[in-house]
Engineer: 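Got a structure for you, questions after.
Counting starts at 1 for both ligands and their atoms, following the listed order.
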Amino acid sequence: MGYVCMLLFCLSAGVKAQVTKPAIGKVLNLAEQQYKSYLKQYPDAALYPRSVNKDGSIRLVKSKDWTSGFFGGNLWYLFYLTGKGKWKNEAIRYTETLENEKYNKTTHDLGFVLYNTFYKAYQTTHNNRYKEVLLEASKSLSSRFNPKVGAIRSWDFKPFKYPVIVDNLMNLEMLLWAAKASGDSSFYRIAVSHADVDLKYRFRPDHSTYHVLDFNPENGELIKKQTFQGYADGSCWARGQAWAIYAYTFLYRETRDPKYLLQAEAAADYFLSQTDLAQDPIPFRDFNDPEIPNVSKDASAAAVAASGLLELSTYVGTKTNYYDRAQAILSALCTDEYLAKAGTNQYFLLKHSTGHRPHQDEVDVPLIYADYYFLEALYRYQHYKK
Ligand code: GLY
């Protein structure tokens, strides 16, 4: 039987294609080589790798950047995945330099910066100093909550009045942890209020997401649903959809409210229906970009989705195949198309992510948060209990 005939036979017989397992060993080997070279070349732990500039040079940022916590987080995952103490020492170094951000009230990104690092430091060492940093950061994040809107403000720049972006959900995990760690239920109330406002307005009937919800801070009314990093107001930015899968899943984990689980599943189903349409587990940067397939991919969206799907699959049992779908994403990210060779890619792991296409910024480049959620997903995959 020829290949095409065999394929048609398998499809018509309902035989599922076998998904290969992600090559975790290969990724760890690469990560160890890349990070060893990076640390030798850039020893200053108060600078953090973010991406690659248009001229091919590495883009390093300071602690106030929203991406500053991911490299430290990667070092923590490398420690968890290899058990080697040298990565723990480096992780601590790249965690502690972020501490001052705990007072930063000008951003909603404190979870990305501090929870991804200090929570792991606390979990690993049980040092109360790390816990105190997270509680202070949770106070700073809570200061951005407006009870009229019922949500935390994302950005302070114009033309937005009171923007609440889908990414902002990710920072709620720190508040939900802080409520448990401190006994202060106001952190929980703020997180749940924010999630409920998000749930009310974020999704279209097909469960695709709007990127930005802009509110009137005086009366809490929704003014506009729009995009910032996606193709258009009415389109679905792939990473935004992945943030929604991931965040509604942990919202269910922390609250056990079934409406969050239903929303996580619906967001996941939309994401997967779109990658099915494109017949590639790695999405284009926006699902509705009319220039598809001549559009950059976003490996970061794939990695966030894979990590979220792995957790989501633990709450829905065998009802869905989210585990298989996460495995397929991770396997695709482990191919030469996406996984860099040692000594290349400015020491990042994954290629082909997209940051901000409308600003022509970080288009088809490595992004540090793609590597973070990739390592996290591999860690979740390695410790998965069926
Ligand atoms: N949180 C910013 C982004 O996802 O690009």
Engineer: From the options I329, L350, I24, V27, select the one residue that forms a side chain to side chain contact (heavy atoms under 4.5 Å, CB included) with C334.
Structural biologist: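 Result: among I329, L350, I24, V27, V27 is the only option passing the side chain to side chain contact (heavy atoms under 4.5 Å, CB included) with C334.
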
Engineer: Can you tell which part of W237 has a heavy atom less than 4.0 Å from ligand 1: side chain, backbone, both or neither?
Structural biologist: side chain

Engineer: Where the side chain of N116 meets the backbone of G73, is there a donor-acceptor pair that is under 3.5 Å apart?
Structural biologist: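 No, N116 side chain to G73 backbone: no donor-acceptor pair under 3.5 Å.
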
Engineer: Within the 4.0 Å heavy-atom shell around D167, which atoms of ligand 1 are there?
Structural biologist: 1 (N), 2 (C), 3 (C), 4 (O)

Engineer: Need the ligand 1 atom indices (1-based, order shown) with element for anything under 4.0 Å from a heavy-atom of W243.
Structural biologist: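 With W243 as reference, the close atoms of ligand 1 come out as 4 (O).
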
Engineer: Counting non-hydrogen protein atoms only, what is the nearest one to atom 4 (O) of ligand 1? Give residue, atom name and distance.
Structural biologist: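 Checking every protein heavy atom, the shortest distance to atom 4 (O) of ligand 1 gives R239 NE, 2.9 Å.
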
Engineer: Classify the contact between H356 and ligand 1 as side chain, backbone, both or neither, using a heavy-atom distance cut-off of under 4.0 Å.
Structural biologist: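 The answer is neither.
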
Engineer: I'd like to know whether the aromatic ring centres of Y77 and W87 sit less than 6.0 Å apart in this structure.
Structural biologist: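 For Y77 and W87, the ring centres are not under 6.0 Å apart.
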
Engineer: If you round to the nearest 0.5 Å, how far is OG of S68 from CG of L98?
Structural biologist: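 It is 4.5 Å, given to the nearest 0.5 Å.
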
Engineer: Take Y162 and D156, measure what side chain to side chain donor-acceptor pair (under 3.5 Å) needs, and give me the verdict at the end.
Structural biologist: CA-CA 8 Å; Y162 193 97; D156 294 339; over 6 Å; no

Engineer: Check whether any N or O atom of Q229, backbone or side chain, sits under 3.5 Å from an N or O atom of ligand 1, and answer yes or no.
Structural biologist: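 In this structure, Q229 places an N or O atom under 3.5 Å from an N or O of ligand 1.
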
